[in-house]
Amino acid sequence: IKDDHGIADQAYAPFAQRVALVQREVARANAETGGHSVYAPSVSGGARTLAHQLSVARDEGVRCVLACPLLIGVSTFVELVRERGDLAILAHPALAGAARIAPALLLGGLMRLFGADATIFPNFGGRFSYHRDTCRAIADAARAPLGTHRPTMPVPAGGMNVSRVEEMLGEFGADVMLLIGGNLLEAREAMPERAREFVERVHRACARC
C-alpha cells in the first residue's frame, strides 16, 4: 500500500503525521485479519530531509519506502539505499522519460544497479505506450542473473485494473508486484469489495502459476 509519488510533506499531509497514522492503521488491520500488508510512504527531498524521513519511517515500524531516483538524483538514491537499514526501497520512474535510454536498461537494469528492491514501470495496455515486448524486457532485466547483484522485483503499473490480474501474472509470473491504484479508488464506497476481489484474483492466479 504505497503513497502516491506526488505526496511529499505538504501542509495537507505532513510526512511524520501521515506515516504514523497510516502505519498504525495498517498494523491494526494486519492484527485483526492475520494479513501481511506493508505500507510504503513516499520519501523525497535533499539528503537531510531523506535521512529524517527514514528515521521517522523506522520509528513507526515501516518496512518499505517509495522513492524516485531520477527526481532526487542517482547519487542521493544510492546513499538512501546504503542508509535504509532493513527497509525495502520501491523505485518510481518519475522523470525517466523514454527517448534517451532504452526502458529495459533504465527501468530494469540501472534501477537494479542503483539498489532498488522493486522497480515500477509503465505496463502495456494502460495509460502509456510501452509495447508488450518492452515490458517483458524490463522484467527480464530486473530479474535475470547479473553477477553478484540481487534481482529486483518488477512492478507493472500505469492504469492497470483488477480485471487484468490474471493476464499480468500470466505475462510476468508470480515473482512480480502488481500496482493497481486508480481502479480501486474509482470504486469509491465499493473500494473494500474491489480490494478484496484484487486479493482473491491474485491468490487464485498464483495457485496456477
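Within the 4.5 Å cutoff, no side-chain heavy atoms of S42 are placed close to those of D4. For the pair C135 and F172, the minimum side-chain heavy-atom distance is below 4.5 Å. Counting only heavy atoms from C-beta outward, the side chains of M153 and T119 never approach each other to under 4.5 Å. In this structure, the side chains of F198 and L184 come closer than 4.5 Å at one or more pairs of heavy atoms. Counting heavy atoms from C-beta outward, L80 and V78 have side chains that stay 4.5 Å or more apart.
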Query - salt bridge (Lys or Arg N to Asp or Glu O under 4.0 Å) assessment of E200 paired with R196 - result: CA-CA 6 Å; E200 290 167 1; R196 279 191 288 270; 5.8 Å; no

Requested in this report: Apply salt bridge (Lys or Arg N to Asp or Glu O under 4.0 Å) to D117 and R84, showing your working.
Outcome: CA-CA 11 Å; D117 296 293; R84 49 86 176 272; 2.6 Å; yes

Requested in this report: Would you sort out whether R18 and D3 count as a salt bridge (Lys or Arg N to Asp or Glu O under 4.0 Å), showing the intermediate values?
Outcome: CA-CA 10 Å; R18 180 180 79 248; D3 281 347; 3.0 Å; yes

Report task. Apply the test side chain to side chain contact (heavy atoms under 4.5 Å, CB included) to residues M160 and N183: give CA-CA distance (whole Å), side-chain angles for both, the deciding distance (0.1 Å), then the verdict. Result -> CA-CA 7 Å; M160 299 298 100; N183 186 236; over 6 Å; no

Query raised in the report: Passes side chain to side chain contact (heavy atoms under 4.5 Å, CB included), L179 versus K2? Steps please.
Result: CA-CA 9 Å; L179 200 168; K2 74 170 187 65; 3.4 Å; yes

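Connection of F128 to L178 is not established within any shared hydrophobic cluster, with ILVMFWY side chains joined at heavy-atom distances below 4.5 Å, either directly or through further cluster members. Using a 4.5 Å cut-off between side-chain heavy atoms of Ile, Leu, Val, Met, Phe, Trp and Tyr, with links allowed through other members, I7 and I180 fall into different hydrophobic clusters. Under the 4.5 Å side-chain heavy-atom criterion for grouping Ile, Leu, Val, Met, Phe, Trp and Tyr, F121 is connected to L105 within one hydrophobic cluster. Under a hydrophobic clustering in which Ile, Leu, Val, Met, Phe, Trp and Tyr are joined whenever their side-chain heavy atoms come within less than 4.5 Å, directly or via other members, L90 and L106 fall into different clusters. Hydrophobic clustering keeps L66 apart from V74 (ILVMFWY residues linked when any side-chain heavy atoms are closer than 4.5 Å, directly or through intermediates).
Salt-bridge check for E166 with R208: failed, with every basic side-chain N at 4.0 Å or more from each acidic carboxylate O. A salt bridge is defined here as a Lys NZ or Arg NE, NH1 or NH2 lying under 4.0 Å from an Asp or Glu carboxylate O, and E197 with R194 fails to meet this definition. D86 has no carboxylate O lying under 4.0 Å from a charged side-chain N of R58, or vice versa, which leaves the two without a salt bridge.
Of the possible polar contacts, one joining the Q53 side chain to the S44 backbone as a donor-acceptor pair under 3.5 Å is found. With hydrogens and angles disregarded, no donor-acceptor distance shorter than 3.5 Å links the side chain of D9 to the backbone of P14. No donor-acceptor pair closer than 3.5 Å links the side chain of E25 to the backbone N or O of Q23. E167 contributes no side-chain N or O that, together with a main-chain N or O of S163, makes up a donor-acceptor pair within less than 3.5 Å. The backbone N or O of A29 lies less than 3.5 Å from a partner atom in the side chain of T33, making a donor-acceptor pair. The main-chain N or O of A141 is found under 3.5 Å from a side-chain atom of R112 such that the two form a donor-acceptor pair.
Counting all heavy atoms, side chain and backbone alike, V56 lies closest to A16 at CG1-CA, 4.0 Å. Closest approach of Y39 to V26, counting heavy atoms only: CB-CG2, 4.1 Å.
Note on ring orientation: taking the six-membered ring where Trp is involved, the planes of F114 and F77 are perpendicular (angle over 60°, cut-offs 30° and 60°).
Under a cutoff of 6.0 Å and an axis angle of 45°, R164 and F124 form a cation-pi pair.
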